[in-house]
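Sequential numbering from 1 along the given sequence is applied to the chain's residues. A quick note: this is a predicted structure, and the numbers were derived from the prediction, not measured.
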Amino acid sequence: MATAMPEKGVAATRIWLVVAIIMAVMLADQIMKIWVKTNFYMGEDLPITSWWHLKFIENNGMAFGLELWNKIVLSLGRIAAVALFIWFLAKIRNAEGLRAGFFVAVALIIAGAAGNIFDCVFYGKIFNNPMPPELAVAFPPGGGYAGWFEGRVVDMMYFPLFSFYWPEWFPFVGGDYFEFFQFIFNIADASICVGVGLLIFFYSSDAAKAFAIAGNSDKNGEDDRKNGKTK
């Protein structure tokens with residue numbers, strides 16, 4: 001008969017699982033980005049199949065090229081989000097009743113956010129930004145193209161699965177060209193989306209339980225401090 005794994009064993013397994021996923025995703029993400037950055041000129045499009053291209057672009061904003069906030073604010077926000085997720089995992093690492101897939105999902109989100117953080121923090125200092133068709137180089141003599149926390153995120157995954165023109169009679173968009181999927185993204189973006197998708201569709205109950213455990217942990221810690229003061 002199988003026996004339950006001790007709490008320390010459960011926590012260690014969860015930590016190693018999370019660390020392994022984060023390292024694997026970040027390594028794959030950075031290898032792909034650096035290869036594209038140094039082998040493609042800006043805007044270069046390499047068709048792999050009719051529905052999958054590698055197309056080099058950069059963006060100053062969020063996933064899939066969205067631009068919503070100031071660059072430095074966005075970079076610091078990503079760092080704060082990763083720190084919050086790591087704190088959250090530390091709180092629940094010994095919790096019972098949480099499935100391994102929940103920790104996988106959270107690890108994918110952390111890995112994706114951290115992968116894009118690396119671009120924002122370091123790429124402006126590491127690379128130059130030449131005009132096409134010249135290729136970027138690492139550690140150029142004249143310095144990088146931006147300061148710390150102001151680097152641009154490298155995107156390359158492009159999946160134009162299908163496209164068409166809307167009929168002229170169609171309201172609002174009649175005659176317009178439509179392409180699915182027009183966004184260009186990277187491995188880090190995909191990791192975040194997969195992690196969020198897993199949480200929503202498969203591990204929402206685990207997430208609710210984890211938040212409750214983390215909240216109770218804080219409350220118990222506060223109660224212990226109060227009791228310690230009143231003794």
Query raised in the report: Should Y41 and L135 be marked as a side-chain contact (heavy atoms from CB on, under 4.5 Å) after you check the CA-CA gap, both sets of side-chain angles, and the distance that decides it?
Result: CA-CA 5 Å; Y41 58 80; L135 305 179; 4.1 Å; yes
Query raised in the report: Given the rule in the side-chain contact (heavy atoms from CB on, under 4.5 Å) test, do F103 and D206 qualify, once you have shown the distances and angles that lead to the verdict?
Result: CA-CA 9 Å; F103 288 89; D206 295 74; over 6 Å; no
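Put simply, the side chain of K55 does not reach to within 4.5 Å of the side chain of D155, judged on heavy atoms. Side-chain contact between F185 and Y158 is absent, with no heavy atoms from C-beta onward closer than 4.5 Å. Between K33 and Y123 there is a side-chain heavy-atom pair separated by less than 4.5 Å.
A donor-acceptor contact closer than 3.5 angstrom is absent between the side chains of N186 and D119. Side-chain atoms of R152 and N129 include a donor-acceptor pair closer than 3.5 Å. Under 3.5 Å, the side chains of N39 and E44 contain no donor-acceptor pair of N or O atoms.
Because its NZ or CZ atom is not both nearer than 6.0 Å to the ring centre of F149 and within 45° of the ring axis, R78 does not count as a cation-pi partner of that residue.
Hydrophobic cluster membership differs between L89 and W16, with clusters built from Ile, Leu, Val, Met, Phe, Trp and Tyr side chains linked at under 4.5 angstrom. Hydrophobic clustering (ILVMFWY, side-chain heavy atoms < 4.5 Å, transitive): M131 and I57 are in distinct clusters.
Only one option out of V194, V196, I22, L198 pairs with I109 in a side-chain contact (heavy atoms from CB on, under 4.5 Å); it is V196.
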